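All of these numbers come straight from a predicted model, not from anything done at the bench. Below, all heavy atoms of this structure are taken into account, side chains as well, without hydrogens, waters or symmetry copies. Convention: sequence-line order gives letters A, B, ...; per-chain numbering from 1.
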Protein chains: 2
Amino acid sequence: MKRVLVIDDEPQIRRLLEITLEAKGFQVFTAGSATEGLQAVQTVRPDIVLLDLGLPDRDGQSLLAELRTWSTIPVIVVSVRDLESDIVTLLDSGADDYVSKPFNSEELFARMNAALRRTRPDLREAKYEVAELVVDFGNRRVIKSGEEVKVTPTEYAIVAELAKAGGRIVTHAQLLRELWGPLAEEERGSLRVHVSSLRKKIEDNPSCPTHLITEPGIGYRLC
Amino acid sequence: MKRVLVIDDEPQIRRLLEITLEAKGFQVFTAGSATEGLQAVQTVRPDIVLLDLGLPDRDGQSLLAELRTWSTIPVIVVSVRDLESDIVTLLDSGADDYVSKPFNSEELFARMNAALRRTRPDLREAKYEVAELVVDFGNRRVIKSGEEVKVTPTEYAIVAELAKAGGRIVTHAQLLRELWGPLAEEERGSLRVHVSSLRKKIEDNPSCPTHLITEPGIGYRLC
DNA sequence: CCCAGGCTTAACCAGATCTTTACGACAATT
DNA sequence: AATTGTCGTAAAGATCTGGTTAAGCCTGGG
């Protein structure tokens, strides 16, 4: 049975979709806000997401952008707006399709199936892998040579941030912002310590790192 | 055994429903006012709610609206009024079905079962098993090594939530929201206590848990 | 009315985790 | 060669988190 996650702040819409989609044979999960929704993607691992724009806590597009940094799960955007420019922007941000309210449930169903057919199942795994190192976002785990590595919350945040960048450099500023909020420049020392202890766990030879690489003066990179 | 909460201000009706529903195999809880009812939803954790309109302290519809902001529990509205417009409004607000007084108990029973089937596909006949531990959603029981374990309502809610996640991590926030409603961040201490006592019941060695695992800084997981 | 079960709160403890600090290595610069 | 700044490491201390226990409160049933 296919699992669908509905992210919408209006309870009535959630209910409506729940009923119509269950009738179509989907297993339906719901989330009432953007943050809740992002979390739910990880926990319920749906096959497809229906995302309403105009959530209270966060812009739908930024949610989509964040989601796309670590997941390729198909997302269909649902919204009352249907300006041509909006549609383009959203598809650019990684949406798979677009349905405007009020929607015809048959049309929605058809588009969902199309999106499901289109996706490559092998890419739906929310994981980042390099050689013997695997960052499993879905289960919040780090695996090295098949063995799970116990990392602290901060260490996971660092390695996840680097993994999401997919091998590209992540600057000190970016990491600091992600870990300690926007105005934390004094934590550079702390960051160094955490990187150090992280290397002890994921590197064969911590003093000569092969995965968590320092880019002097810039930041770090996972490769 | 399914739990049903009856919210009605008339003692006679409460009694009547209590008797007929108990005969049908439900465990019945009652509340005599809207505020009492809202509270009871949290404390008794029913599987379904029967809500009478025309409560003294509050409009039934606003109660429904509030409930729907944090719970998807099936609600069947019972009322003397049966204006078409009212029915539509109520279903819009999130009611699952509508029965007008005086009601036929067979009809009510049928509609309750329909609502339960529709809204809780995960609980229909499902069980979650890991080694010697079984969470029996259908009968609301926990079995360990063939023996039933007596758990309190809150403990059952916790273990059921974890079981539904099927071994994946459930965050503190998710659990808190599910157990105490949307704005309960202060209950973390209480959650810890319940987890502790739950472990005493389902773990061979509670100080070294093998099933109910702590994911430091994140939440819990059943495996 | 009292009693028992269940929930919450508070206190305490242990261990994990984070930050701070100090120091040494290294490279680039003067 | 000395200076400067960046980075890694180790150790210490502070802080946080989670588990446990016991006490008190509330509620429903006898």
Side-chain angles (χ1 to χ4, degrees), chain A residues 149-159 169 171-173 175-176 179-181 184-203 205-221, chain B residues 3 5-6 11 14 18 22 27-33 35-37 39-46 149-159 169-173 175-176 179-181 184-203 205-221:
Chain A
V149 178
K150 253 200 73 188
V151 292
T152 70
T154 313
E155 286 160 11
Y156 177 80
I158 293 174
V159 74
I169 297 180
T171 65
H172 293 130
L175 273 173
L176 291 168
L179 297 193
W180 287 278
E185 265 297 302
E186 310 80 28
E187 305 289 340
R188 297 177 85 91
S190 204
L191 176 60
R192 281 208 301 274
V193 176
H194 283 114
V195 168
S196 174
S197 58
L198 189 51
R199 285 211 255 242
K200 280 185 201 147
K201 298 179 180 179
I202 65 174
E203 295 283 359
N205 182 1
S207 57
C208 173
T210 57
H211 295 120
L212 209 173
I213 308 294
T214 296
E215 296 288 341
I218 316 289
Y220 296 95
R221 186 160 57 89
Chain B
R3 299 153 72 94
L5 173 66
V6 176
R14 285 207 301 270
E18 215 167 314
E22 264 166 14
Q27 191 174 0
V28 183
F29 301 82
T30 59
S33 70
T35 44
E36 199 183 315
Q39 201 159 40
V41 172
Q42 294 195 16
T43 53
V44 319
R45 297 184 197 303
V149 179
K150 250 198 72 178
V151 292
T152 70
T154 312
E155 285 161 11
Y156 176 78
I158 293 173
V159 75
I169 298 179
V170 180
T171 64
H172 293 130
L175 273 174
L176 290 169
L179 298 196
W180 287 279
E185 264 297 301
E186 311 80 27
E187 305 289 341
R188 295 176 89 90
S190 202
L191 176 59
R192 281 207 300 272
V193 176
H194 284 115
V195 167
S196 175
S197 57
L198 191 50
R199 284 211 255 243
K200 280 184 200 145
K201 298 178 181 179
I202 65 174
E203 295 283 358
N205 181 1
S207 57
C208 173
T210 56
H211 296 120
L212 209 173
I213 308 293
T214 296
E215 297 286 344
I218 314 298
Y220 297 96
R221 188 160 56 87

Undergrad: What heavy-atom pair brings B:P153 and B:R3 nearest, and what distance separates the two atoms?
TA: CG-NH2, 4.1 Å
Undergrad: Check the pair B:Y220, B:I169 against side chain to side chain contact (heavy atoms under 4.5 Å, CB included), reporting the backbone distance first and the verdict last.
TA: CA-CA 6 Å; B:Y220 297 96; B:I169 298 179; over 6 Å; no
Undergrad: Touch check for A:S190, heavy atoms < 4.0 angstrom, all strands: base, sugar-phosphate only, or nothing?
TA: base
Undergrad: Only counting residues at least two apart or in another chain, list the ones meeting side-chain contact (heavy atoms from CB on, under 4.5 Å) with B:V151.
TA: B:V142, B:V149, B:E155, B:Y156, B:L198, B:K201
Undergrad: Whole-Å distance between D:dT20 P and B:E203 CD?
TA: 10 Å
Undergrad: May I have the distance from B:Y220 (atom OH) to D:dG18 (atom P), rounded to whole angstrom?
TA: 6 Å
Undergrad: D:dC7 P sits how many Å from A:E215 CD, rounded?
TA: 11 Å
Undergrad: For C:dC18, does either OP1 or OP2 sit under 4.0 Å from a side-chain N or O belonging to A:W180?
TA: no
Undergrad: Counting only side-chain heavy atoms from C-beta out, which of C:dT19, C:dT8, C:dG6 sits nearest to A:E187?
TA: C:dT19
Undergrad: In a check of side-chain hydrogen bond (donor to acceptor under 3.5 Å, both in side chains) between B:H172 and each of B:E187, B:R188, B:R192, which one passes?
TA: B:R188
Undergrad: Considering residues at least two apart in sequence or located in another chain, which fulfil the side-chain contact (heavy atoms from CB on, under 4.5 Å) criterion with B:A157?
TA: B:R45, B:L179
Undergrad: Near DNA chain D, under 4.0 Å by heavy atom, which residues of residues 193-200 of chain B?
TA: B:V193, B:S196, B:R199, B:K200
Undergrad: State which of C:dT17, C:dT9, D:dC7 makes the closest approach to the side chain of A:H172.
TA: D:dC7
Undergrad: Contact class for B:F29 vs. all strands (heavy atom < 4.0 Å): base, sugar-phosphate, or nothing?
TA: nothing
Undergrad: Is there a side-chain polar atom (N or O) of A:S207 under 4.0 Å from OP1 or OP2 of D:dG8?
TA: no
Undergrad: Restricting to nitrogen or oxygen on both sides, can you table the protein-nucleotides 23-30 of chain C pairs closer than 3.5 Å?
TA:
none

Undergrad: Could you work out, with side-chain contact (heavy atoms from CB on, under 4.5 Å) as the rule, every residue matching B:R14, not counting sequence neighbours?
TA: B:D8, B:P11, B:T30
Undergrad: For residues 209-221 of chain B, which residue pairs qualify under salt bridge (Lys or Arg N to Asp or Glu O under 4.0 Å), counting only residues two or more places apart or in two chains?
TA: B:E215-B:R221
